Amino acid sequence: MSLRAFLSRRVVTPEGVRPAALLVEGGRIREVVPPDRVPAHAAEAQDFGDLAILPGLVDSHVHINEPGRTEWEGFETATKAAAAGGYTLLVDMPLNCLPATTNLSGLEVKRKAAWARCWVDWMTWGGVVEDNQRDIGPLADAGIPGFKCFLVHPGIDGFTKVTEHQLCSALPHIARTGLPLLVHAELPAPIAAATESLADADWSLYQTYLLSRPEEAELSAIRLLLSLCREYKFRLHIVHLSASKALAELSAARSEGLPVTVETCPHYLHLFAEAIPKGATLFKCAPPIRGRENCEALWQGLRDGTIDLVATDHSPCPLNMKRLAEGNFRNAWGGIASLSVALPVMNTEACGRGFGLTDIARWMAEAPANLAGCQMRKGRIAVGYDADFVVFDPESEFVVSENRLHYRHRVSPYVGEKLRGEVKATYLRGRLVFKDGEFPDEPIGQEYRG
Ligand SMILES: [Zn+2]
């Protein structure tokens, strides 16, 4: 094994940004040293100058859709989009694939589907549905990092939501595993009532869709989950928080010592309802993108630490399901695909608010790795960690075009937008997997097993 050195004047470590050299051997970071301390016997020294080196990003919320719905997305296309976006580990959601990942046989089918097709490393969450309480322990033993459930219909067949009663029968099993339960926190009743009252409204207006998924749906779900967390003592993770009104109660729950973590997504931090054009169904996702003030309040949640992490909720579909010609928010598929541009989106927003690359690395690498239980090898630039890193130009600006997206269906609400920060290269376990729009290696991504 030969020792290689990667240098930059801006290496992003948990302790801050500093000039350093990463000494890499056997796919791991052996040492992080000052740039003038690269050993003479290093086989190669690559100096990236002023470009930043960030830890490879970890996305704990991705819908890969394979097996079963590979025409929506798949391991090959999702992981290429990830590598192009600076991600080196994806954690797949259990619901869009067929069969869903709700028991051991579903997990095995997914492992076979992913074999030799991935450009970055991957893991998968296990699903909790109405009737699989007995599969929870075996899934945990098989190496999954945690579970996901829905309190509202997930928008797709083959994966059921859970009622409060069904959730309560699953929770003792989940608590025993010690693994986190990720919850889509919206309750159906407020959504049903609001949608009913909007039956005759104009569904080509984004405002109609927004009114149909009120904050109350998120708030009431989060209140229920916090009370169950108190009772059953399981690790609770709220995925894609959109309603900033819930932040105060989440913060109080943490002060109380409840094991709760919170995520939001780049689209809630960058887009806002007032600017969404009529009929622009590319912006539809659930929970919905809310108003400008709400967006600022979510940034405040990141600032004060109530929100731990930023994940993409990358959720693509075939183009016809977005019903672009019709422009009807009621019928269009809800989901935003953003793996290739999430880092530039976050960089664009963060720098104007006084945040730096260390914050971005914490939100998009370290904290998601903690959630997925791979924090001993992933999510940081530190000794002993996998040599997963991104070469990033934080100052360069570009206009998002389809050829930068790399996932299967290259549509996005970000196309045409000018963003700040370009991914120049991505390294997975010391190997170059993406550089300047190309994928020079082969699919060397593996399932991460702790
Ligand atoms: Zn999702």
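In each ligand, atom 1 is the first atom listed, and ligand 1 is the first ligand listed. What you see is a predicted model, and the numbers here were worked out from it, not measured in a lab.
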Measuring from the Zn ion (ligand 1), name the closest N, O or S atom belonging to Asp313.
OD1
With no hydrogens and no angle check, do the side chains of [X] and [Y] hold a donor and an acceptor under 3.5 Å apart?
| X | Y | value |
| --- | --- | --- |
| His240 | His184 | yes |
| Asp308 | Thr261 | no |
| His409 | Glu73 | no |
| Asn132 | Thr102 | no |

Please find out if the Zn ion (ligand 1) and some N, O or S atom of His240 are separated by less than 2.8 Å.
no
Contact check: His61 to the Zn ion (ligand 1), N/O/S below 2.8 Å
yes
